[in-house]
Amino acid sequence: MDNSLLFKGPEKINKLIRPVLDSMTKIGIAVDLDILDKLSGELRGKIEILEKKAFEALGHMFNLNSPKQLAEVLFVELKLPPAKRTKTGYSTDEQTLKNLLNLHPLIAILLDYRELYKVQSTYAEALPRAIGSDNRIHSIFQADKTATGRLTSSEPNLQNIPIRGEWGERIRRAFVPSSGFIFLTADYSQFEFRILAHFTGDGKLLSSFENHIDIHRATAAEIFHKKPAEITDEERRVAKTVNFGILYGMSPHGLSEELGIDHEQAQNFIHDYFTSFGTVKFYLENLLRQACKKGYIETLGGFRRYIPELGSDNLMVRSSGERMAINFPTQGTAAEIMKVAMINLFGRLRQEKLKSRIILQIHDELLLEVSTGEMEKVKPIVKEEMEGVIKLKVPLKVDLKLGQNWGEMKEIAE
DNA sequence: GGGGATGGTG
DNA sequence: CCTGCACCATCCCT
């Protein structure tokens, strides 16, 4: 076990992953320009209509994309009640706008406009500009740019392509396999929660994974004091937010913002969470104590992050440091496990002289192009290399999906 | 918590 | 006048 590449240190891992990332950049990913052009045209029409409706609802024109002008319109001209403040004025972010929905017809139009404008400007119009003469996009992947060890993707960033809603799927459908290949995605199931279960050794977390119980449902059962089978979709959604909140070191205030509930209720959720998962509470307290004492925190593979903020007199700064310390071991360990998986998988595909290749990495997921005819050989290799990086108290689990484009990936049984 | 891209602003 | 730059707010992903 100790001979896993994971324990050879971050420098070694980052050196070995370089050829993998260079290969991904060089190969790139094919994009169907026709799909993006049609999508962009459709969006252009809808955005124009929304713009007209907005000006009609207000009575005059202004720059819908200017937070400054919008704040003036909403909070001075229309005298709507301002909520959050930013450094420079009043916030007009999505959460704020949603709370004003019933107060003026302009708000609903603005929300629709923002959604479509984002898809149009950042994706439908921008991605075509990144397409090379080979009809492919060659994003740059870097291994040593983040505090936690995650990869970055830039020019363009292919790690933030939309996935939710109608527009997310339509953008992703424009990403297609090379001819003679099919897309295979392999994602680590509940990646960071399995690592948290390993680090904490919490009995409830471990048994949830052992018994294949959905982790968010299990948490919902604990914080709503119900049987797992009786949990509603809404309760599961709340529990999912609480789970991620724990992973990110979120405060009661942060959780209440995220869920749109009052501070006291958020505090209750967190209290009930730590009552049920007592070992997680113990682990986090010990983690912070160690981090303060040593000034740094470590991943499973020994990657360190120094956190001087923990010694600050300023509460905001210190709290921010505590969140970094809480989040770093799980996010950082997940990142290095994925890196080792990529190095080993890359080597294995080469060793077995396969044409199939890694195309993208999105933190807990790999997108591969699998050559026609290689599928039955590649599937077990991908699973083995990803699941086999390290044996934790909870086994790593990888789910596979297949598709003729990135927007319509379908789960497959192995 | 960790990123990158966009448009506005000065 | 224009261009480049830094910063901010916002929003997409995990």
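Chain A is the first sequence line, chain B the second, and so forth, proteins listed ahead of strands; every chain is numbered from 1.
Contact annotation: Asn63(A) side-chain N/O to dG8(B) OP1/OP2 distance is under 4.0 Å. Using a 4.0 Å cut-off, some side-chain N or O of Gln69(A) falls inside it from OP1 or OP2 of dT9(B). Contact check, Arg114(A) against dT6(B): no side-chain N or O comes under 4.0 Å of OP1 or OP2. Contact annotation: Arg305(A) side-chain N/O to dG2(B) OP1/OP2 distance is under 4.0 Å. Contact annotation: Ser121(A) side-chain N/O to dA5(B) OP1/OP2 distance is not under 4.0 Å. Taking 4.0 angstrom as the limit, Thr88(A) places a side-chain polar atom (N or O) nearer than this to OP1 or OP2 of dA9(C). Residue Thr86(A) places at least one side-chain N or O under 4.0 Å from the OP1 or OP2 atom of dA9(C). For the OP1/OP2 pair of dT9(B) and a distance below 4.0 Å, the side-chain nitrogens and oxygens of Ser66(A) include at least one atom meeting the criterion. For dG10(B), one of the phosphate oxygens OP1 or OP2 lies less than 4.0 angstrom from a side-chain nitrogen or oxygen of Lys68(A).
Gln159(A) contributes no side-chain N or O that forms a donor-acceptor pair with the base of dG3(B) under 3.5 Å. Between the side chain of Arg150(A) and the base of dT14(C), at least one donor-acceptor pair of N or O atoms lies under 3.5 Å. For Lys87(A) against dC8(C), a side-chain-to-base donor-acceptor contact under 3.5 Å is absent.
Residue contacts for Leu247(A): at a heavy-atom cut-off of 4.0 Å it reaches no nucleic acid atom on any strand shown. Residue-level contact check: Thr330(A) touches neither bases nor backbone, having no heavy atom under 4.0 Å from any strand. Residue contacts shown for Ile326(A) are absent, as no nucleic acid heavy atom lies under 4.0 Å away. Among the protein residues, Glu365(A) comes within range of no part of the nucleic acid, since none of its heavy atoms lies under 4.0 Å from any strand. When heavy atoms are screened at a 4.0 angstrom cut-off, Phe328(A) is found touching no nucleic acid atom at all. Counting any heavy atom pair closer than 4.0 Å across all strands shown, Glu94(A) reaches sugar-phosphate atoms only and no base atom. As judged by a 4.0 angstrom heavy-atom cut-off over every strand, Ala126(A) is placed among residues touching the sugar-phosphate backbone only.
Phe269(A) and Phe224(A) have their aromatic ring centers within a separation under 6.0 angstrom. Side-chain rings of His216(A) and Phe193(A) approach one another, their centers coming within less than 6.0 Å.
When distances are taken from the side chain of Lys118(A) to each of dT10(C), dG1(B), dG8(B), the shortest belongs to dT10(C). Here the nucleotide nearest the side chain of Tyr117(A), chosen from dG7(B), dG4(B), dT10(C), is dG7(B). Candidate nucleotides dG7(B), dG2(B), dT6(B) were compared by shortest atom distance to the side chain of Thr148(A), and dG2(B) ranks first. Comparing dT14(C), dT6(B), dG1(B) against the side chain of Arg172(A) picks out dT14(C) as the nearest. Distances from the side chain of His363(A) to the nucleotides dC11(C), dG2(B), dT6(B) place dG2(B) closest. When distances run from any side-chain atom of Tyr248(A) to the nucleotides dG1(B), dC13(C), dG3(B), the shortest one goes to dG1(B).
Side-chain contact of Glu258(A) with Thr241(A): a donor-acceptor pair under 3.5 Å is absent, judged by distance alone. Looking only at atom types and distance, the side chain of Asp93(A) has a donor-acceptor partner in the side chain of Thr96(A) under 3.5 Å away. Checked by atom type, the side-chain pair Ser356(A)/Glu374(A) shows a donor-acceptor distance below 3.5 Å.
Within the structure, side-chain hydrogen bond (donor to acceptor under 3.5 Å, both in side chains) pairs that include any residue of residues 5-32 of chain A comprise Asn14(A)-Lys339(A) (at least two apart or interchain).
Classification of Lys46(A) and Glu166(A) as a salt-bridged pair fails, no side-chain N sitting under 4.0 Å from a carboxylate O.
Nucleotide dG3(B) holds its P atom 18 Å from the CG atom of Leu158(A), rounded to whole Å. Rounding to whole angstrom units, CH2 of residue Trp167(A) and P of dC13(C) are separated by 15 Å. Between Phe191(A) atom CZ and dC13(C) atom C1' there is a gap of 17 Å when expressed in whole angstrom units. Rounded to an integer number of Å, the gap from CG of Leu116(A) to P of dC11(C) is 13 Å. In this structure, the NZ atom of Lys84(A) is 11 Å from the C1' atom of dT10(C), given to the nearest Å. Following rounding to the nearest Å, Lys240(A) (NZ) and dT14(C) (C1') show an atom-to-atom distance of 11 Å. One interatomic measurement links the two molecules: CZ of Arg318(A) to C1' of dG1(B), which rounds to 19 Å at whole-angstrom precision. Taking atom CD of residue Glu258(A) and atom C1' of nucleotide dT14(C), one finds them 13 Å apart after rounding to whole Å.
Of the residues in residues 38-47 of chain A, none lies under 4.0 Å from DNA chain B by heavy-atom distance.
Taking the ring centre of Tyr90(A) as origin, the terminal cationic atom of Arg85(A) falls inside the region bounded by 6.0 Å and 45° from the ring axis. Cation-pi geometry between Arg357(A) and Phe181(A) is met: the NZ or CZ atom falls under 6.0 Å from the ring centre, inside 45° of the normal.
Relative orientation of the Phe191(A) and Tyr188(A) rings is parallel, given thresholds of 30° and 60° on the angle between their planes.
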